[in-house]
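Here is the structure we will look at.
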Amino acid sequence: DNEDSSNARYTLSISGSTSVGPLAEKLAEKYEQQSKINIEINQVGSSAGITNSIKGVSEIGMSSRDLTEEEIASGLKETIIAYDGIVVVTHPSNKVGDLTIEEVKDIFTGKVKNWKQLGGDDMEIVVVSREDGSGSRDAFQEIVGYSSSELIKSALIASGNGNIKNTVATNKHAVGFISFEYIDDTVQPVKINGVEATTKNVLNQSYRLSRPFLFVYKMENLSKEGQSFIDFILSPEGQKIVSDAGIIPLK
Amino acid sequence: MSGFMEKSNRRKYFLEKLSGKLFLICAFISVISLALIISFVFFKGFRPFVAEGYNFIQFLLGYDWVPGEGHFGVFPMIVTSLYATIGALIIGVPIGLFTAVFLAEIAPKPIVKILSPAVQLLAGIPSVLFGVFGLAVIVPFLQNYLGLAKGQSLIAVIIVLAIMMLPTIVTVSETAIRSVPQSYREGSLALGVSEMRTIFKVVIPAAKSGIMAAIVLGMGRAIGETMAVILVAGNSLMIPTSLTDSVRPLTTNIALEMGYAAGIHQEMLFATGIVLFSFILILNFILAKISAKGGQ
Amino acid sequence: MKTAVQLPKNNSFQPQNNKNAKISVHNFNLFYGEKQALFDISLDINEKEITALIGPSGCGKSTFLRSINRMNDLIDNVKVSGEIFIDNENIYRSNDVIKLRTKVGMVFQKPNLFPMSIYDNVAYGPRMHGIKNKKVLNHIVEESLRGAAIWDEVKDRLKSSALGLSGGQQQRVCIARAIAMKPEVILMDEPTSALDPISTLKVEELLSQMKENYTIVIVTHNMQQAARVSDRTAFFLNGEVIEYDTTDTIFSVPKDKRTEEYITGRFG
Amino acid sequence: MKTAVQLPKNNSFQPQNNKNAKISVHNFNLFYGEKQALFDISLDINEKEITALIGPSGCGKSTFLRSINRMNDLIDNVKVSGEIFIDNENIYRSNDVIKLRTKVGMVFQKPNLFPMSIYDNVAYGPRMHGIKNKKVLNHIVEESLRGAAIWDEVKDRLKSSALGLSGGQQQRVCIARAIAMKPEVILMDEPTSALDPISTLKVEELLSQMKENYTIVIVTHNMQQAARVSDRTAFFLNGEVIEYDTTDTIFSVPKDKRTEEYITGRFG
Amino acid sequence: MNKVKDHLLQGILWISAILTIVILVTIIGFIFLKGYKLMNISFIFGDYSPTGGGGIWPMIITTIYTIMISLVIATPIGVFAAVYLQEYAKQGRLVRMIRFATESLTGIPSIIYGLFGAVFFVATLNFGMSIISASLTLTIIILPVVIRTTEEALKTVPQSYREGSLALGTTKLQTLLKVILPSAVPGILSGIILSMGRIIGESAAIFLTAGTVAALPEGIFSSARTLTVHSYLVTQEAGDIELASAIGIVLIVIIFVLNLTATYISNKLNKAD
Ligand SMILES: Nc1ncnc2c1ncn2[C@@H]1O[C@H](COP(=O)(O)OP(=O)(O)OP(=O)(O)O)[C@@H](O)[C@H]1O
Ligand SMILES: Nc1ncnc2c1ncn2[C@@H]1O[C@H](COP(=O)(O)OP(=O)(O)OP(=O)(O)O)[C@@H](O)[C@H]1O
Ligand SMILES: [Mg+2]
Ligand SMILES: [Mg+2]
Ligand SMILES: O=P([O-])([O-])[O-]
């Protein structure tokens, strides 16, 4: 609630990833109550956020992908504020509930084309992937072990977790991957190597599909208010908000 | 002595000149905007070809788009955009035009009173919602009725774009048809020509210019649309061989990846913009030619 | 059928029970919304005659003329009562306005050519009625333009837009367009008001010729023209027919004082 | 100034070197694109007289009339050469068309009222020239409508749309709109062609009254009208002035055979 | 034979209209069915909360701001540009060039406008991510629609009106303001209505220029989130179709009210008809 904000309050501007954004909003909401600053959060995509932080349009950028060498060369620093778990999902009617990493790879590279081969019904597999450049996709591909050029050509590409979820939820052939926090009963999470996709399993490293959420900034642009917000996020209080939001805290 | 002769009309001429200049400036604003946007897009989009040694022909005719590995080929997207635009025009223009004719010429008044504003409502529904609608209604419909594994397809794109063009085409053509002078209709009807033939032979040709405007604007809406298309196209990187293939048009490619693209990848998306641009210019050029032909 | 018709109350004349009547109007009223424009019109128009409608501006001549081919249907809020028979068929009962208007051609008060070439304007009607043969069309177009005394002026520019013609030229092309359809009845709303004397003469000659085959109703402000070309004349005033009789009678021994006043104030 | 003017070559008459000339035309040519519509027109139009332009349809009367207040400027591709002087000022040199058109009013061949109320149509000109006072406007509107012989017909519906009027009524409101500006010269393109005899008479009376203050140029197809109201008559044919003289001379002893033929073919 | 053809043509017109109606009803019905459950006072008038359950009042205000500012800028520019092209310019090279430029602007995807706006208005002109940056970007987006529809409307104004007015010694400007533009109002209006639709429907061009700050804007230089951007974000990441549809309902109501207002104003301007 910003109504009583006066001009005297410092405004901290943050922009970037739409996957980090919702979490950042929740953190900001809490932090604004205890500090005397305003936090503006603009969810414009990781790249736009990184560019904004390089150009000084925003003080802090949010990214769900790793920085490129160029970006690091321009003087950007990064801080990991949380981890995001990635889960393979299918249509709730799908009988296949457990896959090995190898099988996941075979599905996404098109080696396996029918659910029957995996113990499911006799029907075609429809692969749904995120767009090129997406942090989730980069992390997913790296961990599962295939490259973009190996991805099956006919794969549906959806932008954002929500679109993958809705695509999978409306198609009983489909399989895709989304962040933990977006799981609900419209889709069915799949165990990987028998391990369930939970925060606990990520933290004990038995579940391997995860990637970091980053805050990036140029040291010379970072105000003390910005620094103390980052400190707040890394504090136990901040990390509790992270885990309450269904996202994986740092420890 | 004339009743209203002012001693001098200098003030009026001054205003006249001033307003003329103002109007000219306004007219130039769109040219300036276009120039700025073009130079922005071209500046960004041409750099890889000029400075990094990428081959533009390979870019145009290449089949592979794997940004992470430096493969940038947009040929499948060009083909898709072409199909999608033409398909949407083939469906959207007749439905829109005939609906406009219906509203302007033969619909009972109460229907017009409801339908005209309702069509305009359609114009303001956010494209995201069109996409959601497409994803939740059209895609499953195609899946079930055509027995497809996935409904995200060229035909879904065409349907969604055709629907999104409708408000523009209906509204602009309806206005154009309404402003055809009544005397034309009278002249034809008085010759014992039926209402329908009067409409098709006299009224529509007389409204041609406005109808062309409707088509150009509607087509613009269709080509420029991204958010709805992303949700129903499937965005697969293949050259479509049938209407049921999932596809990726040029626009979607840009909108889909721009959020995370950096460096060369981003510049290549701008280069996609250049291709799209040329695509639009060519289409507009063809339409202008067609409408000039029809004018003689 | 005639017997069923009530005789008009307000009018000073009786409809003639003429067997020749091509058009027969009984107690016809017309309203533009609330405003009544025609009051209890009853008259018979004979076949193969020229009937002139005269009267001051705004008295309802055009309105009446447009009632005969139901052109007023196009105007919102127009209501009519009473009957108009053409060839003993009540035109307001029948739903075939196309047949009606094919039979009853019209030339409007303001020229209303289509934004097409001169040729296409004249060929429009025949084409719409199914004539496709080029030769036949050429023939019809030439004949009609000649008939409307405009052929010589436009024969070299048949393919150019009709809207570049002068006012009088446009009016004559409108006449050509109407006669290209070879209707049985032709309604003309001041067809020569924009014409010079020579073209007017030509059109009047044309009317006299056409009379042999067609029934013609003409609105004119020109008393001499009415006297010269018409067989019968109806004098309208404020939406009523004050007097309707042979042209000779109207112009020599009008029965109504108002007719006389109007005629003697004449000078056109 | 007059001395500098070359005498026309093709024309059969000489411009009168009249000191009264309000409008003086010298070797005026007009082209619609490639097509020449006026050929070497030279004539003087006297102040406080009525000058009639007659001639067959399409001969260039309207075109000439529209040249006098530079209305042809609006048409693309129109080119002119030669001069037209009004009050010794070359109107094609001066850039003040506003002054020109304020001084030179015009009534068009087709009535062209604006889609506004009758009142607003007539008050339009004065308002645009800065008159805001309601009383003054009311006065001007009433006076002008009376002058155009239409006041009684419209006084109860001044606020309703002008487009609902009959053709003749519209034409008279157009006249009212023009005279509301109290111009010095009034150009009228067949102003009475759509009018009934009584309204025509009224307009003609008006013209005769106005002559005391205004210079009037009128295009008419009606020979009697030309003979009745005008002081001088110019006969146009194919874009040329064949003969220009006092109306009496033109109608009684025309010098050119073509004039005579046209006049004697008369009957309007 | 002709009759059969007539019936056929008439049938086609009816079928097209019915198809349009079916499409309309399906889409609007879909949106209402999916979204009506969320509708209540606190959803509409409440403040946004990132933890869920909040309202969309700040987005409603931002949306209205954006529409108003874009229209206030684009309408005069667009109408005047059309006036120049149609009433002032000699039809030739220059006009063709301007027209071509205008039409080419219509097909550019909004994401490109957004990126352009982010570079030009946000960074170069230093307006920051703000309502004004977004409105200026939107102005460019809707200009072609306003220009082209106005041009068409001007074309249909009879030449005789211009002649009638100019012959009274009025200036072109007076003729334009008093006779021509009023007669063109219905056409201009349909352009404005379509433009409002375009503004309302836009997301990519807006979030790149105005950002997505979900708070009541303090002024035109504040970052803010429009309803459509909000629905974009919730669809994109959360896949919350119900929320997006509820936002859709609100948007439909806003458009409905705006269209009514626009029509009302145009009737006022046109009362003599
Ligand atoms: N569309 C209309 N709506 C309302 N009133 C109308 C309409 N058309 C004509 N009128 C009125 O009906 C009356 C008759 O008009 P009509 O056009 O028939 O006159 P007219 O005799 O043809 O006159 P003119 O000789 O001037 O053409 C007039 O008072 C006119 O104002
Ligand atoms: N805008 C135009 N473009 C091309 N030619 C034109 C145009 N206007 C008129 N003309 C031609 O110029 C000639 C003179 O036309 P104008 O209108 O002056 O005739 P007019 O004497 O007034 O005839 P009318 O008595 O029929 O009104 C005609 O041949 C006409 O076709
Ligand atoms: Mg009439
Ligand atoms: Mg003329
Ligand atoms: O979080 P992402 O949108 O980059 O996958």
Side-chain angles (χ1 to χ4, degrees), chain A residues 1-3 5-7 11 13-30 32 38-45 47-49 51-52 54-58 64 136 158-170 178-179 181-184 186-187 241 244-245, chain E residues 34 46-52 54-55 57-58 61 111 114-115 117-119 121-130 133-134 203-219 221-225 229-245:
Chain A
D1 194 357
N2 286 342
E3 241 147 59
S5 63
S6 67
N7 289 337
T11 298
S13 66
I14 300 177
S15 67
S17 167
T18 48
S19 14
V20 185
L23 171 64
E25 279 185 348
K26 285 171 194 149
L27 291 162
E29 189 187 34
K30 259 279 153 51
E32 277 177 336
N38 256 336
I39 303 180
E40 266 190 11
I41 292 174
N42 285 313
Q43 308 174 27
V44 293
S47 288
T51 312
N52 281 346
I54 293 174
K55 289 206 174 143
V57 175
S58 307
S64 60
S136 324
S159 59
N161 289 295
N163 290 334
I164 293 215
K165 190 176 76 178
N166 284 329
T167 304
V168 173
T170 53
I178 60 176
S179 294
E181 58 178 313
Y182 296 110
I183 296 172
D184 59 27
T186 61
V187 290
I241 298 171
D244 287 351
Chain E
K34 289 276 175 187
D47 261 334
Y48 171 75
S49 155
T51 35
W57 185 240
I61 296 300
I111 184 103
L115 290 164
V119 168
F121 297 118
V122 175
T124 310
L125 298 186
N126 208 10
F127 292 157
M129 285 214 195
S130 59
S133 296
S203 45
I206 297 186
F207 71 68
L208 287 171
T209 49
T212 64
V213 170
L216 268 181
E218 283 160 20
F221 285 97
S222 302
S223 286
R225 183 188 291 193
V229 168
H230 191 45
S231 73
Y232 165 75
L233 289 174
V234 301
T235 326
Q236 176 94 346
E237 286 306 323
D240 192 341
I241 292 181
E242 286 187 2
L243 181 49
S245 301

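These figures come from a predicted structure and were not determined experimentally. Numbers restart at 1 for each chain; the letters A, B, ... are given by sequence-line order, proteins then strands.
When all heavy atoms are compared, the tightest approach of A/N42 to E/V213 is OD1-N, 3.0 Å. In this structure, E/S49 and A/E29 approach most closely via the heavy-atom pair OG-OE2, 3.6 Å. Annotation for E/F207 and A/Q43: closest pair CD1-O, 4.1 Å, computed over non-hydrogen atoms. Across E/S223 and A/E40, no two heavy atoms sit closer than the pair OG-OE1, 3.4 Å.
Using a 4.5 Å cut-off between heavy atoms, A/K165 touches chain E through its side chain atoms alone. At a 4.5 Å heavy-atom cutoff, the contact between A/N166 and chain E is made by side-chain atoms alone. Only the backbone of E/A210 comes within contact range of chain A, with heavy atoms under 4.5 Å apart. Heavy-atom distances place the side chain of A/N52, and not its backbone, under 4.5 Å from chain E. E/V234 does not touch chain A: none of its heavy atoms, backbone or side chain, sits under 4.5 Å away.
With values rounded to the nearest 0.5 angstrom, E/I241 atom CD1 is found 8.0 Å from A/T170 atom OG1.
No donor-acceptor distance shorter than 3.5 angstrom exists from the side chain of A/N161 to the backbone of E/E237, with no hydrogens or angles considered. Side-chain atoms of E/T212 come within 3.5 Å of backbone atoms of A/I41 as a donor-acceptor pair (strictly under, hydrogens ignored).
Among the candidates A/S58, A/S159, A/S13, A/G56, the residue making the largest number of heavy-atom pairs closer than 4.5 Å to chain E is A/S159. Per-residue counts of heavy-atom pairs under 4.5 Å with chain E were compared for A/V44, A/V57, A/I164; the largest is that of A/V44.
Annotation for E/K34: atom NZ does not count as buried by contact number, only 12 or fewer foreign heavy atoms lying within 6.0 Å.
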